[in-house]
Structures are given as C-alpha cells and as structure tokens.
Amino acid sequence: MQKTINSTEFRKMILSGARMLEINRAKVDALNVFPVPDGDTGTNMSLTLQSAVKEMNACTSNRFQEICDSVSKGALRGARGNSGVISSQIFRGICSVLKNTKDAFDTKTFAKAMESGSKVAYSAVSIPKEGTILTVVRLMAESAMKLAGKHKDFVAFLTALIEVGDEALAKTPELLPVLKKAGVVDSGGVGLMTIMRGFLAAISGDESELGEIPTEAIDGKSGDEDVFGDNSDIINLDLGEIEFAYCTEFFVINLKQMTTLADIDKLKEKLMQIGDSVICIGDLELVKIHVHTNTPGVALSLALELGELDRIKIENMLEENRALKAKLEAEKKEMGMLAICAGKGLEEIFKDLMCDRVIEGGQTMNPSAQDIADAVQKINAANVFVFPNNSNVILAAEQAKDLVTNRHVHVIPTKNVPQGFAAALAFNPEATVPENKTDMTHAIDNVASGQVTYAVRETTMNGFKLKEGDIIGLDNKRILAKGSKIDDTTLSLIKSLKNNDHEMITLYYGEGVTEEDAQKLAEKVSEAYPDCDVDFHYGGQPVYYYMVSLE
C-alpha cells in the first residue's frame with residue numbers, strides 16, 4: 001500500500017502522464033467535433049505538457065516548490081489552443097497546493113489539489129462551457145475528497161477517481177449537443193483522462209497499457225485515424241529580441257520578522273515587471289532570487305525590503321548595440337498589428353495590409369501563448385493589436401498578455417482570416433487606440449465567412465448525412481453545404497451565407513487548388529451573383545480548398 005507520494009515519484013507521475021498523452025495524441029485528435037482533417041486537441045495538450053516536462057527536467061532541485069513552479073511555468077509557456085491553455089491552468093491549480101508539500105503528500109492533499117485545479121481552470125475561461133474538459137475535472141474534483149476519505153492507498157484512490165472521470169466523460173455528449181450529434185465525447189476530457197491514467201501507471205508500476213486509451217474513455221470509438229497536422233514554429237523575424245542584459249542572482253537571508261510568504265510572492269511579481277527568467281523561491285528562512293534585468297539595482301532594492309542579501313552575483317550577458325537600441329527607440333510607434341494565419345498567400349495579404357508581423361498558426365497548428373508573446377515583443381510599438389483568426393487561438397492570445405512586457409496587447413476576437421482582413425483594413429494610424437479597437441471589432445461583425453474542405457469520417461450532423469471524402473462547406477459553427485464537387489459545394493456554401501446587404505464576394509484558394517481552377521469558380525460566382533463584385537486570391541492555406549468572404 002502506498003499512502004504518500006514524494007517529490008521523485010511526483011516527477012515520475014508528470015513524465016508518465018506526458019508520455020501517455022504523447023503516445024495517444026492522434027487518437028485524441030481524431031475525436032474532433034467537425035469531421036474535418038484539423039483535429040488538434042491531443043497535439044495541443046501534448047505539446048503543453050511536454051513544455052511542462054522540459055521545465056521540470058531543467059529544475060535541479062527536488063523540492064516540491066521548485067518542481068511545482070517549473071511544471072506550472074512550463075505548462076503556461078507552452079500552452080497551445082483552448083485545450084492547452086485550460087490544461088495549463090489545471091496544472092497551475094494542482095501545483096499551487098502541492099508546492100507547499102515538504103516531504104510527501106497523501107490522497108487528501110491531492111484531492112485538495114484537484115479542487116484547486118478545477119477552480120483555477122474555470123476562472124481562466126470567461127464563459128465556462130459544460131460538456132468539456134472543465135466538466136470532467138470539476139466532477140472529479142467534487143468526488144476527490146470523499147474518495148480520499150475512503151482510500152489512503154494511492155493506487156486505489158486514483159483508480160476510483162479515474163472511474164468518476166470516465167463517467168463524467170461519458171456524460172459530455174448529453175451536456176453538449178454538438179458532441180452528441182457528432183457521435184463523440186469531448187476530446188479535451190479524453191486528453192485529461194489519458195494523463196490521469198499515466199499518473200496511475202507511474203504509481204502502480206504497471207505501464208502495460210501506456211499505448212492504449214481504454215475504450216470506455218472514448219465512448220467505444222476506435223480512434224485509428226492518423227494525426228492530421230502538427231504545430232509549427234513561428235516564422236523567422238528580422239528584428240532582434242528585446243534582451244535583458246544582467247543575470248542577477250542572490251539569496252535573501254535573515255528575513256525580517258514582519259515578512260510573510262505573501263511578501264515573497266509580491267516580490268516575484270515586482271521582479272517580473274523589471275525583467276524575465278524570474279525565480280523567486282524559498283520560505284521564511286531562505287529565499288533564492290534569479291532575474292534577467294536591465295536594472296539589477298532595482299532588484300536588489302526590492303529584495304532588501306524583505307531581509308539581508310547574500311552571495312550577490314551580477315553578470316553582463318551581452319554587449320548592447322547602443323546604436324540599434326537608439327534607432328529602435330526613435331522608430332517606436334504608438335500602434336502595431338500582429339496576425340496569425342496558415343498559408344503563404346494569406347501571410348502576404350496581411351503584410352500588404354500593413355500588419356507588422358505574421359506568425360504561422362491556425363487549424364492543426366495553434367501557436368502557443370509564448371509564441372504569440374514573443375511575436376508581440378518584436379513589434380516596436382507601445383500597443384499591439386492581435387488578430388487570432390481562429391476561435392481556438394483566441395484564449396492563447398489572451399493568455400499571452402501575461403507574458404508580454406513593455407507592450408499593451410489588445411486581442412481583437414477574429415475567428416477566421418476574412419475577419420482578420422476586415423479588422424486590419426479598419427486600422428487607422430491617425431485614430432486613437434480605443435477608436436481603432438472599436439472600429440476593428442465592429443468591422444468583423446460585417447463579415448460572413450466559410451470554408452470548404454472534406455469529411456474524414458462518416459457521421460450525421462446539421463441535417464447532413466456525411467461519408468468519408470464528401471466535400472463540405474461550413475462556417476465557424478455549422479456544416480452548411482455538402483457535395484461531391486468542390487465548385488458546386490462552394491456555390492452552395494455562398495448561397496447559405498449570402499444576404500441582400502452583401503456587395504463583395506472574395507475567394508481565397510488553398511493548397512491543391514490551381515489559379516485556373518479558382519478563376520473558373522470566380523466566373524461561376526459572378527454569373528450567379530451579377531450584382532456583386534467577385535474576386536479571388538491565392539491563400540495557400542492547408543486543409544481548406546477555399547475560404548470564402550462576403551461583405
């Protein structure tokens with residue numbers, strides 16, 4: 001019987017959970033609600049957890065506080081897509097409790113950690129939606145303390161907790177109708193349960209099932225589909241990153257009697273405002289500080305408020321290029337724009353619309369919060385408008401705000417590329433930041449858009465009976481058209497989207513579609529809607545034959 005988990009065993013739990021998810025990420029990806037080749041929940045969650053593992057492996061201490069801090073920070077920095085961001089917050093909540101463990105934690109402490117993980121995850125989402133990973137973690141958290149009272153043995157406790165999670169997962173189609181119509185359970189919930197099974201395998205020592213997701217956890221689906229995409233790195237950018245010159249390290253000893261643990265947390269927050277790579281860990285006996293900053297004197301002064309300083313080490317990490325710094329400062333502007341999209345043609349259009357930076361991302365390749373933050377930092381402007389251009393990137397863009405220094409980030413909630421184009425066109429460098437934000441937000445409301453792709457499995461949805469290979473047209477929420485030919489399906493999609501106010505129809509053709517094909521389709525659209533201006537452009541986007549915009 002194993003009643004407690006020490007820090008070494010906790011490391012093994014994180015590693016096993018990450019391994020379990022990575023092995024099965026294609027199966028989690030395959031549970032996408034829309035039957036199109038862009039399922040990426042498993043990929044996003046796996047990359048998020050891999051980032052946490054990377055930070056944890058870099059942590060040389062075996063104290064719970066340092067380990068938990070590294071796991072929490074790594075998950076946040078690597079968070080991709082909605083599922084990744086929510087997963088990072090679950091781990092943040094769990095680690096906020098476990099970090100206070102001295103030698104080992106028991107099942108009751110882990111139950112409290114689950115409760116904290118649920119609360120933090122719910123607080124990270126402005127409008128929590130039931131029938132998702134949030135429901136699964138909440139129901140497990142609500143049962144955890146009761147189960148901990150019955151089971152002191154961790155194997156028995158986690159086994160019972162996983163049973164509760166499986167039951168919650170099975171209920172997700174009843175709580176979220178779109179899942180029921182698609183014939184799948186929530187993919188994020190499956191990812192979470194996969195991680196939990198990895199935890200159990202680490203504790204029990206039985207890794208015989210690491211390569212399989214139990215069938216009851218995915219509602220009987222085989223999950224044999226291949227992974228449909230991968231996350232990509234951001235494109236290379238030409239401006240140098242803003243660097244912090246001085247690596248500053250020291251200890252705070254003989255802390256003042258009035259100092260509290262909350263003061264240590266406040267010190268960390270203050271250090272993060274003047275630099276990066278911040279480590280502020282310890283207790284009321286000893287605090288270790290590490291920060292990269294251009295003002296080491298400020299860091300020392302802030303720490304002196306808590307106690308005495310010891311073993312001070314300040315190293316100059318680079319020779320600053322003074323001329324470049326002066327040039328960048330002189331050229332700094334009030335406002336800039338960052339767009340996220342997939343496809344060389346779409347990228348060039350955003351650049352033509354005066355976007356300062358474009359990073360690669362979208363379906364199957366959601367950029368992480370850190371990717372977005374890094375790109376924002378490379379825009380020499382006080383305020384940066386971010387166009388996510390995908391509903392699954394919006395939350396990561398919002399999360400990036402916490403990772404950006406010396407910039408004000410304004411996320412315009414564009415759910416697709418045509419909305420991003422409309423927002424960029426609405427930008428006026430002579431207007432104020434609030435005026436531009438208002439104009440951009442209003443501009444995206446006037447755009448109707450859709451995409452044309454193909455079904456990857458047989459299902460019935462939105463009144464359409466689909467089989468693998470069918471050409472389908474959809475907007476952000478629904479399947480609106482189905483056919484056997486790309487052109488016919490695109491025309492049907494346009495008909496579903498169009499209203500009498502629309503005066504312009506634009507086609508953006510993607511991979512696998514030639515310019516000649518797009519021109520012929522544009523001519524057909526012009527014949528069908530002679531009162532509208534019809535145009536077409538090379539987008540180069542993967543997955544979708546066409547993106548359609550009506551304004």
Side-chain angles (χ1 to χ4, degrees), residues 1-21 45 48-49 52-53 55-56 59 61-75 86-124 133-169 189 191-207 210 217:
M1 177 181 291
Q2 183 161 352
K3 295 183 178 181
T4 59
I5 300 294
N6 61 33
S7 57
T8 299
E9 291 164 334
F10 178 63
R11 282 179 180 265
K12 292 180 180 179
M13 287 173 63
I14 299 296
L15 288 169
S16 182
R19 180 187 171 198
M20 183 74 145
L21 186 57
M45 293 182 70
T48 299
L49 203 53
V53 168
E55 291 282 347
M56 182 183 71
C59 177
S61 170
N62 213 28
R63 293 175 58 194
F64 270 105
Q65 180 164 351
E66 283 92 328
I67 295 172
C68 289
D69 280 344
S70 63
V71 170
S72 182
K73 182 177 69 173
I86 293 173
S87 299
S88 75
Q89 297 308 294
I90 292 174
F91 275 95
R92 177 187 170 194
I94 290 174
C95 288
S96 70
V97 172
L98 298 184
K99 70 187 294 183
N100 297 318
T101 302
K102 290 186 177 181
D103 299 317
F105 60 83
D106 56 16
T107 57
K108 288 186 177 180
T109 302
F110 191 77
K112 292 178 181 178
M114 288 294 296
E115 291 177 347
S116 177
S118 175
K119 290 178 181 178
V120 173
Y122 266 84
S123 66
I133 183 175
L134 291 172
T135 302
V136 178
V137 70
R138 175 176 59 80
L139 292 178
M140 280 199 294
E142 290 175 354
S143 299
M145 190 56 70
K146 183 178 180 181
L147 293 174
K150 293 181 179 179
H151 305 289
K152 293 183 178 180
D153 174 41
F154 255 99
V155 173
F157 169 71
L158 281 181
T159 300
L161 192 60
I162 288 172
E163 290 179 2
V164 172
D166 287 345
E167 292 175 3
L169 187 61
L192 178 61
M193 296 313 300
T194 304
I195 295 170
M196 294 297 295
R197 282 183 163 82
F199 287 176
L200 177 59
I203 295 172
S204 66
D206 181 9
E207 298 189 354
L210 265 180

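Atom set for the values below is all heavy atoms of this structure, side chains included, hydrogens, waters and symmetry mates excluded. Computed from a prediction, not measured in an experiment: that's the story for all the values here.
- Listed by chain and residue number, Thr109 satisfy the side-chain hydrogen bond (donor to acceptor under 3.5 Å, both in side chains) test with Asp106 (two or more places apart in sequence, or in another chain).
- Considering only residues two or more places apart in sequence or on other chains, Lys112 meets the side-chain contact (heavy atoms from CB on, under 4.5 Å) condition with Val97, Met145.
- Between Cys59 and Arg11, the shortest heavy-atom distance links the atoms O-NH2, 2.9 Å.
- Counting heavy atoms from C-beta on, the side chains of Met13 and Ile203 come closer than 4.5 Å.
- When every heavy atom of Leu200 is checked against every heavy atom of Val155, the shortest pair comes out as CD1-O, 3.8 Å.
- The CG atom of Asn62 sits 4.5 Å away from the CD1 atom of Ile67 when rounded to the nearest 0.5 Å.
- Shown here is Lys108, whose NZ atom has no more than 12 heavy atoms of other residues, nucleotides or ligands within 6.0 Å.
- In this structure, Ser72 contributes its side chain and Asp69 its backbone to no donor-acceptor pair below 3.5 Å.
- Counting only residues at least two apart or on different chains, the side chain to side chain donor-acceptor pair (under 3.5 Å) pairs with a member in residues 86-96 are Gln89-Arg92, Ser96-Ser116.
- Annotation: side chain of Leu15 is in contact with side chain of Met56 (closest heavy-atom distance under 4.5 Å).
- Taking each heavy atom of Ala104 and Thr4 in turn, the nearest pair found is CB-CB, 3.7 Å.
- Interatomic distance, Ile162 CD1 to Leu169 CG, rounded to the nearest 0.5 Å: 12.0 Å.
- Using a 4.5 Å heavy-atom threshold, the side chains of Leu192 and Met140 count as touching.
- In this structure, the separation between CE on Met114 and OG on Ser143 is 10.0 Å, given to the nearest 0.5 Å.
- Atoms CZ and CG, from Phe157 and Asp153 in turn, are 11.0 Å apart once rounded to the nearest 0.5 Å.
- Contact of the Ile133 side chain with the Met45 side chain is registered, since non-hydrogen atoms from C-beta on lie closer than 4.5 Å.
- Side chains of Ile14 and Phe199 form a contact here, defined as non-hydrogen atoms less than 4.5 Å apart.
- Taking the six-membered ring where tryptophan is involved, the planes of Phe110 and Phe154 are perpendicular, since the angle between them exceeds 60° and thus also 30°.
- With contacts defined as side-chain heavy-atom distances shorter than 4.5 Å, the pair Asp166/Arg197 qualifies.
- Within the 4.5 Å cutoff, no side-chain heavy atoms of Val71 are placed close to those of Glu55.
- Heavy-atom minimum distance, Thr48 versus Ala75: CG2-O, 3.4 Å.
- Contact detail for Val136 and Gly165: the closest heavy-atom pair is CG1-O, 4.0 Å.
- Atoms CG and CD1, on Leu158 and Ile5 in that order, are 7.5 Å from each other to the nearest 0.5 Å.
- Electrostatic pairing of Glu142 and Arg138 counts as a salt bridge here, judged by a charged N lying under 4.0 Å from a carboxylate O.
- Note that CG of Leu161 is 10.5 Å distant from OG1 of Thr107, once rounded to the nearest 0.5 Å.
- For the pair Leu139 and Ala168, the tightest heavy-atom approach, listed with the atom from each and the gap, is CD1-CB, 3.5 Å.
- Counting heavy atoms from C-beta outward, Ile195 and Met20 have side chains that stay 4.5 Å or more apart.
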